[in-house]
Amino acid sequence: QVQLLESGGGLVQAGGSLRLSCVASGRTFSRYAMGWFRQAPGKERELVTAISDSGGSTLYADSVKGRFTISRDNAKNAVYLQMNNLKPEDTAVYYCAASSWRGVVIITREYDYWGQGTQVTVSS
């Protein structure tokens with residue numbers, strides 16, 4: 001069982017930055033691939049970025065490439081999402097998720113554990 005707790009959301013002006021953190025419980029964090037998803041009002045949850053269990057591979061949605069960076073620190077049981085040059089369309093609830101699959105996981109149903117989410121609001 002893995003419990004995930006996100007933090008770092010908030011209100012920021014367009015062009016600003018935020019750093020989200022997700023801390024996991026348990027001693028096997030390094031065995032899980034991780035992802036950040038987001039869900040805007042009236043829209044489906046979408047994958048923003050994912051990172052492999054080792055941290056050696058990453059994947060980004062086209063909409064965030066060059067602006068967002070995912071990273072993980074297995075010693076701290078944490079995964080991070082650095083978001084730069086934020087846009088109003090980035091406004092959403094952001095969730096971190098853990099998958100027992102290895103590698104970069106892009107399919108939502110392959111994620112086993114989810115955090116409760118943190119709100120990110122970008123004003124224009």
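Computed from a predicted model, the values in this text were never measured in an experiment.
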Are the side chains of [X] and [Y] in touch, meaning some heavy atoms are under 4.5 Å apart?
X	Y	answer
Trp101	Asp53	no
Thr108	Leu47	no
Met34	Leu4	yes
Met83	Asp90	no
Ser21	Lys76	no

Check: [Y] main-chain N/O paired with [X] side-chain donor or acceptor under 3.5 Å:
X	Y	result
Ser30	Asn74	no
Thr91	Val122	yes
Glu6	Thr118	no
Tyr32	Asp112	no
Ser52	Ala33	no
Ser57	Val104	no
Tyr113	Ser100	no
Arg102	Ser54	no
Arg67	Asn85	yes

State yes or no: do [X] and [Y] share one hydrophobic cluster built from I, L, V, M, F, W and Y residues joined by side-chain heavy-atom distances below 4.5 Å, directly or via other members?
X	Y	result
Val23	Leu81	no
Tyr60	Tyr80	no
Val79	Tyr95	no
Ile51	Leu5	no

To the nearest 0.5 Å, how far apart are [atom1] in [X] and [atom2] in [Y]?
X	Y	atom1	atom2	answer
Ser123	Leu86	OG	CG	10.0 Å
Arg45	Arg38	CZ	CZ	13.0 Å
Arg72	Asn77	CZ	CG	9.0 Å
Asn84	Leu18	CG	CG	9.5 Å
Thr69	Arg19	OG1	CZ	10.5 Å
Thr49	Ile106	OG1	CD1	12.0 Å

For Tyr94, ring-ring contact (aromatic ring centres under 6.0 Å, His included) partners two or more places apart
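So Tyr94 forms no ring-ring contact (aromatic ring centres under 6.0 Å, His included) with any residue.
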Heavy-atom closest pair, residues [X] and [Y]:
X	Y	result
Val64	Val48	CG2-O, 3.7 Å
Val2	Ala24	CG1-CB, 4.1 Å
Ala50	Tyr111	CB-OH, 3.6 Å
Ala14	Ser124	CB-CA, 4.4 Å

Quick check: are there more than 12 heavy atoms from other residues, nucleotides or ligands sitting under 6.0 Å from CD of Gln116?
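Open: at most 12 neighbouring heavy atoms sit under 6.0 Å from CD of Gln116.
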Enclosure of Glu89 CD (heavy-atom neighbours >12, cutoff 6.0 Å)
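Counting other residues, nucleotides and ligands, CD of Glu89 exceeds 12 neighbours.
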Anything under 30° is parallel, anything over 60° is perpendicular, the rest tilted; go ahead and classify Phe37 against Trp114.
tilted
Ion pair Lys65/Asp62, N-O distance below 4.0 Å
yes
Does the ring centre of Phe68 sit less than 6.0 Å away from the ring centre of Trp36?
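No, too far apart.
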